[in-house]
There are 2 protein chains.
Amino acid sequence: MRISARTQYALRAATELAAAPPGPVPAEKIAVSQNIPRRFLDNILLQLRRAGLIHSQRGPDGGYWLARPAEEITLADVIMVVEGSPEHSRHGGYPGVAGPLADVWSLLREHEETLLTEITLAHITKDASRRPPRR
Amino acid sequence: MRISARTQYALRAATELAAAPPGPVPAEKIAVSQNIPRRFLDNILLQLRRAGLIHSQRGPDGGYWLARPAEEITLADVIMVVEGSPEHSRHGGYPGVAGPLADVWSLLREHEETLLTEITLAHITKDASRRPPRR
DNA sequence: CACCTAACCGACTTATTAAGTAGGAATTAG
DNA sequence: CTAATTCCTACTTAATAAGTCGGTTAGGTG
């Protein structure tokens with residue numbers, strides 16, 4: 001299970017926003033506290049904003065903040081933005097005896113999706129070691 | 001959840017061996033029936049052999065066969081060989097509030113490992129839509 | 001208005017990994 | 001000997017990830 005740096009950065013940045021007191025948080029601050037390359041982060045935040053996940057404000061005392069309460073933003077929400085559409089990878093329909101392998105990928109993908117859709121940014125800032133609701 | 005072509009090829013090849021009647025199966029046959037680039041497959045089979053997962057025989061009527069019964073080779077066995085050691089990816093210990101994110105990756109990795117360790121080649125050749133034992 | 005801060009933007013470069021190829025050498029059956 | 005088939009290293013190419021650059025635009029403050 002591979003998770004790109006970009007995805008991790010996005011999640012960490014979002015978490016940072018979720019944990020911050022109300023009001024704009026400048027990218028610079030996030031970059032420093034999460035140790036993320038500044039320019040790269042700009043890039044990512046821009047993408048999150050375009051997707052409507054966060055809002056922004058320019059100028060002095062500007063920055064970013066979550067568009068919705070942290071309880072209503074799931075990890076999957078963030079991931080889908082930065083990784084793009086699932087793009088239905090082609091492990092559907094292997095030849096002959098290998099056919100059933102595809103079912104295994106489905107199972108895995110399904111579980112992953114379920115989990116990431118259940119966990120919100122609020123869960124993370126609170127404490128992710130505590131499991132998410134109803135499993 | 002990304003699965004490399006190499007990994008998929010390895011699994012499909014192994015499945016092919018599991019499904020074949022006893023005796024050596026030439027690489028060429030696997031390449032054709034699973035539609036895998038021949039040279040690349042050679043490469044992969046070599047790796048599986050070196051890891052002791054399959055045996056081989058050269059010369060006419062040579063080929064490959066499983067080193068152990070299909071019931072005793074899990075998907076994880078095959079995957080670990082071709083993907084190399086897990087290499088403990090560095091999503092351990094994020095700064096500050098993002099720390100708990102690591103727990104999520106752990107959960108996912110754990111589940112994935114569990115599932116892949118439960119499913120054997122025999123399950124695949126039999127029918128993977130039927131779930132593996134005790135979940 | 002001047003000036004500073006910080007977001008905005010597309011294109012570009014570099015590093016890493018994946019995917020596949022090449023060219024043979026070594027074995028073994030017949 | 002010959003043909004089949006594995007064995008082996010190294011190489012090339014394609015794709016993706018990661019990060020950089022050079023600015024532009026908007027907003028607040030004195």
Measuring to OP1 and OP2 of [N], would you say a side-chain N or O of [X] lies under 4.0 angstrom away?
X	N	answer
Ser4(B)	dT17(C)	no
Arg2(B)	dA17(D)	no
Ser56(A)	dC8(C)	yes
Tyr9(B)	dA19(C)	no
Tyr64(A)	dC8(C)	yes
Gln57(A)	dG28(D)	yes

Subject >> Test item: Leu121(B) and Leu75(B) side chains (from C-beta on) under 4.5 Å apart, heavy atoms >> reply: yes
Original post:
Under 4.5 Å between any side-chain heavy atoms of Glu16(B) and Val97(A), yes or no?
Top reply: yes
[atom1] of [X] versus [atom2] of [N]: gap in Å, rounded?
X	N	atom1	atom2	value
Ile3(B)	dT16(D)	CD1	P	16 Å
Ile44(A)	dG19(D)	CD1	C1'	10 Å
Gln47(B)	dC8(D)	CD	P	13 Å
Arg6(A)	dT20(D)	CZ	P	13 Å
Leu48(A)	dC9(C)	CG	P	14 Å
Asn43(A)	dA7(C)	CG	P	14 Å
Glu83(A)	dT16(D)	CD	P	13 Å
His55(B)	dT5(D)	NE2	C1'	18 Å

Test your reading of the model: is there a side-chain donor-acceptor pair from [X] to the backbone of [Y], 3.5 Å cut-off?
X	Y	result
Arg12(A)	Gln34(A)	yes
Glu83(B)	Thr7(B)	no
His111(A)	Leu108(A)	no
Arg2(B)	Arg2(A)	no

Name every donor-acceptor pair, under 3.5 Å, that has one atom in a side chain of residues 47-65 of chain A and the other anywhere in the protein, sequence neighbours excluded.
residue	atom	partner	partner atom	Å
Gln47(A)	OE1	Arg6(A)	NE	3.2
Gln47(A)	OE1	Arg6(A)	NH2	2.6
Gln47(A)	NE2	Val81(A)	O	3.4

Subject >> Sorted by number, the residues of residues 21-42 of chain A with heavy-atom contact under 4.0 Å to DNA chain D >> reply: Pro37(A), Arg39(A), Phe40(A)
**OP:** Indicate, yes or no, whether a donor-acceptor pair under 3.5 Å links the base of dT6(D) to the side chain of Arg58(B).
**Re:** yes
